[in-house]
Amino acid sequence: MQVSQNSKFRWIIVSLSLSIILMAIKFTAYYLTRSNAILSDALESIINVIASSFAFYSIYLSSQPKDKDHPYGHGKIEYFSSGFEGALIIIAGVWIAIEAIQHLLHPQPIQHLDWGLWLILLTVVLNGVVGYYLQKVGKRTRSEALIADGKHLMTDSLSSVLILIGLGLLILTGLQWIDSAASLVLSLVIFYNGFMLIRGSAAALMDQTDPELMESIVNILKNHKRNYWIDVHNMRIQKYGSDLHIDCHLTLQYYWDLRQVHVAVHEFVEAVEKDAGGYVEFFIHVDPCLPECCKYCRLADCPVRAKAFKRDIDWSIHNLSKNQKQVVEPD
């Protein structure tokens, strides 16, 4: 867990440092060229610095231990960071669109495009590489702040590519309005990306089911399934930053004593914790088996078996999330 936090801190510091450096490069490119599209990109880089700073704080806060006021930890702050970054991106998109329209109405001459193009190309490469690794580390550590910051940098890289294309067309055709048109297209891309970040943040704060995460937990359970795990249902997974909280019902043999049940639950928890990565907290409700369970139970030496084993229950996202035993047919 500590290694995971160190990795998150290291990469968010890289992102913040890069944002500051690229902001300086983009404003330098603007002062050399006086290109509205490059100015739009430079103005968005201010948003990058602010967003990376907030992401750094959110990762710091999410790493703090649980306390009496936050019994589930502070991980949810990373979703606020993601939403905040999305809101800043939308503001940048609106700002850039207004600037583009103004320059379409009142075009200005562009200079030194050769220097500007090389500087913007440099930002494309740096943003693309760091953005890719931020998302990769963010997915590995389940850090929404890192993922959002990585997506932001990748979008910034794409935005710069659009600017390069626009300026290239300007050089070939000599049409000055292409510069502002490229800036306007860029604002739409930025706006969409900001909206998707806010949408994802809101979904996470409302504990919307994450199919990819649910699928990974289901696969872990299938890979480690014991003969006496008869049924799992009513599974819910909540994300608190990089931490997980899992609720579920586990059906075990009704005649087992408390010690046996405790060992079985511990094995269930240990199986998920081993492969899930990060910290996982469980709340498991144990259900006693019913006569209908016999045909789905692989426990060979069961002393009360009423029916022969027939088949395994198909454990899937759909089945494990149901709020009823899978051995009981729906009405």
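The structure presented is a predicted model; accordingly, all values stated were derived computationally and were not measured. Counting begins at 1 with the first residue of the sequence.
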Of the non-hydrogen atoms in H233 and D231, which two are nearest, and what is the gap between them?
-> ND1-OD2, 2.8 Å
Rounded distance [0.5 Å steps], SG in C293 versus CD1 in I230 = 5.0 Å
Where does the angle between the aromatic ring planes of F268 and F282 fall among parallel (under 30°), tilted (30 to 60°) and perpendicular (over 60°)?
-> perpendicular
Look up atom CG in L153 and atom OH in Y132, then write down how far apart they are to the nearest 0.5 Å.
-> 15.0 Å
Determine the minimum heavy-atom distance between I317 and E215, stating which atoms define it.
-> CD1-OE1, 3.1 Å
So CG of L221 and SG of C248: to nearest 0.5 Å the spacing works out to 7.5 Å
Give a yes or no on whether V94 and V185 share a hydrophobic cluster (residues Ile, Leu, Val, Met, Phe, Trp, Tyr; joining criterion: side-chain heavy atoms under 4.5 Å apart).
-> no
Between L244 and E281, is a side-chain contact (heavy atoms from CB on, under 4.5 Å) present by the stated rule, with each step listed?
-> CA-CA 6 Å; L244 298 180; E281 182 179 58; over 6 Å; no
Is a side-chain donor or acceptor of N234 paired with a backbone partner of L320 at a separation under 3.5 angstrom?
-> no
Residue pair L146 / Q135, side-chain heavy-atom distance below 4.5 Å | no
Begin from the C-alpha positions of I25 and M23 and carry the test side-chain contact (heavy atoms from CB on, under 4.5 Å) through to its verdict.
-> CA-CA 5 Å; I25 292 175; M23 180 177 66; over 6 Å; no
Looking just at side-chain N and O atoms, do H285 and D247 make a donor-acceptor pair shorter than 3.5 Å?
-> no
Check whether I13 and Y133 end up in the same hydrophobic cluster, where Ile, Leu, Val, Met, Phe, Trp and Tyr are linked by side-chain heavy atoms less than 4.5 Å apart.
-> yes
Rounded distance (nearest 0.5 Å) linking atom CD1 of I313 with atom NZ of K225 | 6.0 Å
At what distance, to the nearest 0.5 angstrom, does CD1 of I246 lie from NZ of K239?
-> 12.0 Å
Got a second to check how far I91's CD1 is from I50's CD1, nearest 0.5 Å?
-> 9.0 Å
S15 side chain to W11 backbone, donor-acceptor under 3.5 Å | no
Please work out whether the ring planes of Y57 and Y60 are parallel, tilted or perpendicular, with thresholds of 30° and 60°.
-> tilted
Cluster check L126, V129: I/L/V/M/F/W/Y, side chain < 4.5 angstrom | yes
With side chains defined as the heavy atoms from C-beta onward, is the minimum distance between N219 and K222 less than 4.5 Å?
-> yes
pair P288-L252: side-chain heavy atoms closer than 4.5 Å = no
Hey, what's the ring geometry for W229 with W315, parallel, tilted or perpendicular (30° and 60° as the breaks)?
-> parallel
Can you get from I20 to F54 by hopping between Ile, Leu, Val, Met, Phe, Trp and Tyr side chains that sit under 4.5 Å apart?
-> yes
side-chain contact (heavy atoms from CB on, under 4.5 Å) between I237 and H245, intermediate numbers included = CA-CA 6 Å; I237 304 177; H245 178 86; over 6 Å; no
Passes side-chain contact (heavy atoms from CB on, under 4.5 Å), R236 versus S321? Steps please.
-> CA-CA 7 Å; R236 306 287 185 267; S321 62; 4.3 Å; yes
Grab the two heavy atoms, one from I12 and one from S52, that are nearest each other, plus how far apart they are.
-> CG1-O, 4.1 Å
Any chance CZ of F309 has more than 12 other-residue heavy atoms, nucleotides or ligands included, within less than 6.0 Å?
-> yes
Is R305 reaching over with its side chain to a backbone N or O of C294, donor-acceptor style, under 3.5 angstrom?
-> yes
Single-linkage hydrophobic cluster I46~F191, side-chain heavy atoms < 4.5 angstrom = no
Does some side-chain heavy atom of L134 sit less than 4.5 Å from a side-chain heavy atom of I147?
-> no
What are the two closest heavy atoms between S58 and I77, and how far apart are they?
-> O-CG2, 3.3 Å
Do L250 and D287 have side-chain heavy atoms sitting under 4.5 Å apart?
-> no
Which heavy-atom pair separates R226 from E267 by the least distance, and what is that distance?
-> NE-OE1, 3.9 Å
Could you tell me whether F27 atom CZ has more than 12 heavy atoms of other residues or ligands within 6.0 Å of it?
-> yes
Testing Y228, W256, Y254 for side-chain contact (heavy atoms from CB on, under 4.5 Å) with C289, which one passes?
-> Y254
Where is the tightest heavy-atom contact between N127 and S157, given as atom of each residue plus distance?
-> CB-CB, 3.8 Å
Between V272 and H224, is any pair of side-chain heavy atoms under 4.5 Å apart?
-> no
Going by heavy atoms in the side chains, are F84 and S201 under 4.5 Å from each other?
-> no
